[in-house]
Amino acid sequence: MKKGLLAVLLVFAAVFGCAASAYTDVGTDKWYYENIQAMSEKGLLKGYDDGTFRPDNKITYAEFVSVLKRYVSPSAGSGASGHWAREAMEYAYGSGWYDYDEINEGLYDTAIPRYMAVKLTALALDIPHTENDDGVYWRYMNEIKDFGSIEGRYAYLVIRAYNDGVLTGDENGNFNPNNPLTRAEACAVISRAAGMTGIGPADTPASPETLPPVGEGTRGGVSENGKLRVTGTRLCNQNGGTVVLKGMSTHGLQWFGQFADRASIAKTAAAGANVFRLAMYTAEGGYLSNPDSMKRTLYNGIDGAIAEDMYVIVDWHILSDGNPMSSVEQAEGFFDEVSAKYGDYDNIIYEICNEPNGGVTWSGDVKPYAERIIPVIRRNDPDCVILVGSPTWSQDFDKAADDPLEFENIMYTCHFYAGTHTQWLRDRITYALSKGAPIFVSEWGASAADGNGGVFAEETRAWLDFLNANNISRVNWSLCDKNETSAAISAGAGTDWSTDTLSESGRLAFDDFGR
Ligand code: IDC
């Protein structure tokens with residue numbers, strides 16, 4: 001649908017109230033029509049700005065628990081930092097809806113299994129039931145064909161739900177305890193269960209801050225998520241849902257520019273990535289000495305990413321030239337040109353200084369540099385997302401958190417290499433988030449900080465779990481076939497690479513796209 005027409009329809013709906021189905025993909029003849037209508041009227045689970053409800057999308061732990069929390073306790077919450085649903089999850093845990101061994105942060109954005117949805121609903125809504133009614137138990141034990149696959153601690157809860165008419169089995173009589181639940185099914189389970197309790201529904205719709213992420217929570221390209229913005233510490237899509245970008249960085253475009261062409265970008269997108277970073281070195285034979293050839297390679301990469309529906313990070317790759325102030329005028333010229341050329345695209349994210357290092361400080365060098373570059377970009381692209389590095393190879397973002405930039409839609413980068421940077425740097429992220437500083441990992445490696453050594457798989461997993469728990473976007477270094485462990489493609493495999501010729505590090509990075 002054209003944006004203009006959609007806007008007209010939304011205004012129309014707001015002024016005249018909604019008749020018939022509120023959603024283009026929920027017909028009034030659908031079995032779930034009434035449940036969805038009831039849930040969305042109460043602001044418990046809403047549709048998307050494009051007018052759809054997407055009834056068949058899977059619902060995650062975080063989304064499901066947030067809906068229940070909104071129902072029983074619609075207060076705005078404490079604004080806990082970290083995962084968007086943390087406050088609801090903690091509320092649920094504190095209220096005894098689940099036990100410590102059942103849900104951890106790593107599961108928040110994964111599909112909730114049916115048995116868990118049943119338990120949470122029953123405990124949240126405190127559904128009246130007849131305790132240990134043997135007759136009922138025996139009846140359903142026989143009726144539910146796969147009763148044996150339901151873990152003991154959930155069996156009675158499932159029976160109660162059947163007996164209360166909250167759910168039924170599939171056409172073969174199976175409960176399928178481990179299957180996911182669709183948004184439509186979630187509406188049915190909760191609204192039916194809620195109809196039997198005396199607990200009143202939320203009067204006011206939930207605030208956008210607490211709305212669940214779009215769709216499956218963490219994926220989707222530009223056509224799905226649209227223009228990005230930063231809300232609190234979260235990266236959000238055009239509807240205010242949380243977005244986690246995952247993808248690959250190129251190596252230096254002056255050396256491995258061949259991996260920044262449409263074919264390699266397309267293969268990366270096909271593997272599930274939704275962001276691509278173009279590392280345009282300033283020194284070491286990069287932009288400062290070869291601006292025209294660097295721009296050709298860069299623009300070719302941007303065009304490829306746009307064609308593949310990906311977000312694309314334009315990285316001014318300060319490295320051996322530690323202080324970004326040393327080339328601030330060239331940076332102004334460059335960012336003016338690139339933002340004038342691409343400012344109308346929702347795809348572009350600007351990273352204005354890869355890794356300041358040497359004797360630079362945040363308040364004395366990098367912040368003043370950012371204060372010069374950001375307005376240049378904003379003249380052409382007023383509300384784009386801009387990533388800002390910090391001293392010590394973008395590890396001093398805590399200093400930025402203590403002395404933040406006064407602009408909207410800014411995120412601070414954290415760069416980590418699993419063989420060198422461990423828990424202490426994760427703790428620093430936790431600190432920055434607690435101060436309200438949004439963090440974006442625009443470079444991470446499974447190697448040590450020199451791009452080699454390892455692969456450090458275990459520490460990488462600890463990092464990725466942490467990033468997942470905090471909804472932090474990340475980009476892996478690097479998509480090239482150089483003979484170093486951080487290279488994602490096996491040494492010498494060339495641009496003919498496929499997911500079968502990934503290195504050990506590449507495997508870890510590409511597997512992460514689907515997490
Ligand atoms: C490394 C490359 C390596 C190259 C070196 C110097 O992997 O092949 O010789 O740069 O140009 C960073 C930098 C990134 C580094 C990477 C690994 O942003 O340019 O690439 N790294 O050392 N920060 C931390 C690690």
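Both counts, for ligands and for their atoms, begin at 1 and track the order of listing.
Screening residues 260-270 for salt bridge (Lys or Arg N to Asp or Glu O under 4.0 Å) gives R262-E308 as the qualifying pairs, with residues at least two apart or on separate chains. Applying the ring-ring contact (aromatic ring centres under 6.0 Å, His included) test to pairs two or more places apart or on separate chains, those with a residue in residues 428-448 are F416-W444.
Each of N225, D49, T242 was compared with N237 under the side-chain hydrogen bond (donor to acceptor under 3.5 Å, both in side chains) criterion, and only N225 meets it.
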Would you tabulate the polar-atom pairs, meaning N/O of ligand 1 against N/O of the protein, with distances under 3.5 Å, reported to 0.1 Å?
from, atom 1, to, atom 2, distance (Å)
ligand 1, 7 (O), W477, NE1, 3.0
ligand 1, 7 (O), E484, OE1, 3.3
ligand 1, 7 (O), E484, OE2, 2.7
ligand 1, 8 (O), H251, NE2, 2.8
ligand 1, 8 (O), K482, NZ, 2.5
ligand 1, 8 (O), E484, OE1, 2.9
ligand 1, 8 (O), E484, OE2, 3.2
ligand 1, 9 (O), K482, NZ, 3.4
ligand 1, 10 (O), Y281, OH, 3.1
ligand 1, 11 (O), Y281, OH, 2.9
ligand 1, 11 (O), E284, OE1, 2.9
ligand 1, 11 (O), E284, OE2, 3.4
ligand 1, 18 (O), H317, NE2, 3.3
ligand 1, 18 (O), N354, ND2, 3.1
ligand 1, 18 (O), E355, OE2, 3.3
ligand 1, 18 (O), E443, OE1, 2.8
ligand 1, 18 (O), E443, OE2, 2.8
ligand 1, 19 (O), Y281, OH, 2.8
ligand 1, 19 (O), H317, NE2, 2.8
ligand 1, 20 (O), W477, NE1, 3.3
ligand 1, 21 (N), Y417, OH, 3.2
ligand 1, 21 (N), E443, OE1, 3.4
ligand 1, 22 (O), A449, O, 2.7
ligand 1, 22 (O), D450, O, 3.4
ligand 1, 22 (O), G451, N, 3.3
ligand 1, 23 (N), E355, OE1, 2.7
ligand 1, 23 (N), E355, OE2, 2.6
ligand 1, 23 (N), E443, OE1, 3.3

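Rounding to the nearest 0.5 angstrom, the gap separating the CD atom in E484 from the NE2 atom in H251 is 4.5 Å. A distance of 9.0 Å separates OG in S326 from OH in Y369, rounded to the nearest 0.5 Å.
By the side-chain contact (heavy atoms from CB on, under 4.5 Å) test, A432 pairs with F397, A401, A437, I439, sequence neighbours left out.
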